[in-house]
Amino acid sequence: MTAENKVKQNTLSFKQIWQRYGTLGILALLLVILAVLKPTYFFQSSTVTQILSQSSVNILIALGEFFAILIAGIDLSVGSVVALSGMFMAKLMVSGTTPVLAVLLGIFMGAMLGFLNGILVNSTGLHPFIITLGTQAIFRGVTLIISDSSAVFGFPAGFTKFMAQRIFYVPVAALIAFAVALVLAFLTKKTKLGRNIYALGGNKESAWYSGINVKLHMLIVFIISGICAGIAGVVLLGRVGSAEPAAATGFETYAIAAAIIGGTSFFGGKGKIFGVVMGGLIIGVINFGMNLLSVSSTLQQVVMGALIIGSVTLDRFVAAENRR
Amino acid sequence: MKNVVKKFPGVTALSGITFDILAGEVHVLLGENGAGKSTLMKILSGVHKPTSGTINLGGKEFTGLTPKDSRDNGISVIYQELSVINELSIQENLFVGHLPTKKLGFINTVDYAQMKEHTKELLEKVGLNRDPETFVENLSISEKQQVEIAKALAADSKILIMDEPTTSLTSSEVAHLFKVVRQLKKEGKGIVFISHKLGEIMEIGDRVTVLKDGTYVGTKNVSDVTQDDLVTMMVGRQISGSYQHENADFNKAEVIFEVKNLTRRDGKVKNVSFKLRRGEILGFSGLVGSGRSEMMNSIFGAQPRESGEIYIYGQKADCLTPYQSIKNGLAMVTENRRETGFFHNFNIKKNISVLPFIKKSSGGGTVGLISAEQEEKWADEQKQRLNIKCYSTAQGITELSGGNQQKVILGKWLAADSQIIIFDEPTKGIDVGSKGEIYTLMRKLADEGKGVLVVSSELPELLAVCDTISVFREGEIVATFDRKDATEEKLVAASTAEKGKEKKRDSRK
């Protein structure tokens, strides 16, 4: 009897360990695999920089996506928001606006696009999937219209120089992503707003009866998602050096994958910022690794899809095993 | 079942339970929530494997059942949350998994004609007068339950386990259910009937087994025991029948809550006014659908109202949204804990703290920080005050019994220092012991000067707890009784006064 109790307790704590560090484990595993397969390339100082730089856009979008999934919704428009706010910023900069103002206005544009998503979800009562599927196309279309379907480049040197900086191998882009993650971790853990969003994600009706203004919180969630995508737009602009009208196409898939791999529940109400950052890094490492192993870009898509399904399945499998 | 033991990490859910079911009897399983009834049922249905002990089914001995073993040996469970598939027709629900087939050329196709024929027979047995092709989503709860029973018959089950089947049924529906149960008994089925309602047990049961805290208390013939005996067996103490003060007189007491001319656009509440005085508990009786819950929801601002004024301690209060109401000191313990009460993804302390945090914030509940110590303090206070049974306030709320979940919900409102508390069916699905605790708490709150309003469909509950009882009929208060003058007969008479019309509704709903 005592022996059995012990086993049960051990498995219980193993489950807790998995929940807390499972994604970290996947990340470590992937890094080890890479290090074994390509030791000469892997142990280079630029590896960390490259992984972080490739991951930061993804992490930023995923952070916003996390909130949309947390309220049992979804935001499919994030890729288009990245492109439109990026294009808007680029246009401002090439027409002489100072980079700082252009960046702020670009992020504000992201917020407004999120606001629009939120207003549409609230006023129609439709599922965010449908609304953001529509706005995804609309925002992309607007990007094509304002850019005349061509890329915009030639930004002030100050902007590109700043974005290319790194501190101890850590690129500015990653610092921005981590800073945003810290702010949002604070929001989810320490503020009433964050707590209410979790409550809302768990049970909208109970939330309403508990005095939570459901529509206001939904609106805020979509604004957060828009802001994150707007910031991702800045980072992408800095990395690529130009604003492409087709930029960030399909990025919502990576963002959703990062959030889910990071342990966010698709049914709402459960998930952590730390997990999302891990999820974003995992996707970045997979991308980086495939480039390192010279997997062709066409095959990369296939591998990425398979890995997403595989890692989430693994997570569910382990969680389910331990529940018995 | 012999000496069945089930242990979960940290808890022994069942210790040495012996339980038998004979063909052609109704064996009632009785016990408070958390007594082990659900665990026992889950062992029989193959969800859990017992830690030790044996199960003997029609001569075959098992140390544990799989869901398949359970089905193959003729056990069917009718859960409280029905498991019919809304999107399918009645006949498809009955035969899902073993559809009758016929050969069409060399492929097997579903034999709809045969299925319909079978379904008709089965529906006749359970007394459901519906076309087998009706979609289940169009049925009432009681009709869905009949479909579930028919489904068990379709699977040729010998043992039917019914988990609190009468919880959401009206009295005429219960009468109908009992008729079906008696019929099944005659056909030699063994029925395990899980219930809290002692009156029902006396009416339908042949034998009764009482469980308490996972242990076996005893098995008795129903004809040999009284309701009081059963209560004593369940809780180990006698529950006194009344929670009012003797000779209480509220006529001179201060009015602490008043509603004037409340009307809803949908016509479910028409020009209702009432007053609540300090120390008084005011109850609302009436048929299901008479507008009591709708009125409370409109007072609380969870649902819109067309007109009407609300006064709290003499001050006019807006209360147009739950947020405003909470700020004004209103609280609402809703009827459905799972849907509108708690947050399944939160532990006990988060469930409690969500409300005071919102009440003490600004900007629609969005502005402000979470204080972990404050949260801990609120949760511990309420755990003490309400005697919430848990090993830690970090425990998930879904692990608690219904009574303890209800205490957590009450705790969140008390932590927010609510002044006027609306209870909508406060003891629905809660065991007798916890009921008593909740009644005592309600009286204590009233004595402290807080306002207590109760909506209940259980007349004994209203009579035991309330000082004044108002009767609702079709959106209006049609009668108000002082507790001393109120009897079950009078309340029923008032709520069903227009006989012809009301009878019709009763038999349909």
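Quick note on labels: first sequence line is chain A, next is B, and so on, each numbered from 1. Note that these values count all heavy atoms, side chains included, but never hydrogens, waters or copies made by symmetry.
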*Modelled atom types, side-chain donor and acceptor of B:R264 and B:Q303, under 3.5 Å*: yes

*Is it the side chain or the backbone of A:I197 that comes within 4.5 Å of chain B heavy atoms, both, or neither?*
neither

*Check for a donor-acceptor pair, side chain of B:R305 on one end and backbone N or O of B:L262 on the other, with a separation under 3.5 Å.*
no

*Check whether any side-chain N or O of B:D69 sits under 3.5 Å from a backbone N or O of B:T66 as a donor-acceptor pair, and report yes or no.*
yes

*Where does A:K204 contact chain B at under 4.5 Å (heavy atoms): side chain, backbone, both or neither?*
neither

*Go through the atoms of A:N196 and report whether side chain, backbone, both or neither lie under 4.5 Å from a heavy atom of chain B.*
side chain

_Can you tell me which portion of B:T334 sits under 4.5 Å from chain A's heavy atoms? Options are side chain, backbone, both or neither._
side chain

*asked:* Tell me if a side-chain donor or acceptor on A:S265 pairs with a main-chain N or O of A:F267 at a distance below 3.5 Å.
replied: yes

*asked:* Does any backbone or side-chain atom of B:F357 lie under 4.5 Å from a heavy atom of chain A? Answer side chain, backbone, both or neither.
replied: both

*Name the region of A:Y198, side chain, backbone, both or neither, that has any atom closer than 4.5 Å to a heavy atom of chain B.*
both

*Near A:F108 CZ, under 6.0 Å, is it more than 12 heavy atoms from other residues, nucleotides or ligands?*
no

*Is atom NZ of A:K190 surrounded by more than 12 heavy atoms (other residues, nucleotides or ligands) closer than 6.0 Å?*
no

*Which members of residues 293-300 of chain B, sorted by number, sit under 4.5 angstrom from chain A on a heavy-atom basis?*
B:N297, B:F300

*Do the charged groups of B:K450 and B:D417 touch, with an N to O distance under 4.0 Å?*
yes

_Ignoring hydrogens and geometry beyond distance, is a side-chain donor-acceptor pair present between B:S401 and B:N404 at under 3.5 Å?_
yes

*Which of A:R195, A:K270, A:E205 touches chain B most, by non-hydrogen pairs under 4.5 Å*: A:R195

*B:K349/B:E376 ion pair, N-O < 4.0 Å*: yes

*A:C228 pairs by side-chain contact (heavy atoms from CB on, under 4.5 Å) with which of A:L63, A:I61, A:V82?*
A:L63

*Could you tell me which portion of B:K359 (side chain, backbone, both or neither) has an atom closer than 4.5 angstrom to a non-hydrogen atom of chain A?*
neither

*Looking at B:K412, B:M332, B:H344, B:K350, which one has more heavy-atom pairs under 4.5 Å with chain A than the rest?*
B:K350

*Main-chain N/O of A:S80 paired with A:Q136 side-chain donor or acceptor, under 3.5 Å*: no

*What are the two closest non-hydrogen atoms of B:C319 and B:S325, and how far apart are they?*
CB-OG, 3.3 Å

*asked:* Please identify, among A:G202, A:G211, A:S206, the residue contributing the most non-hydrogen atom pairs under 4.5 Å to chain B.
replied: A:S206

*asked:* Between B:S353 and chain A, with a heavy-atom cut-off of 4.5 Å, which part of the residue counts as in contact: side chain, backbone, both or neither?
replied: side chain

*What residue in B:N336, B:L355, B:L369, B:I326 has the most heavy-atom pairs under 4.5 Å with chain A?*
B:L369

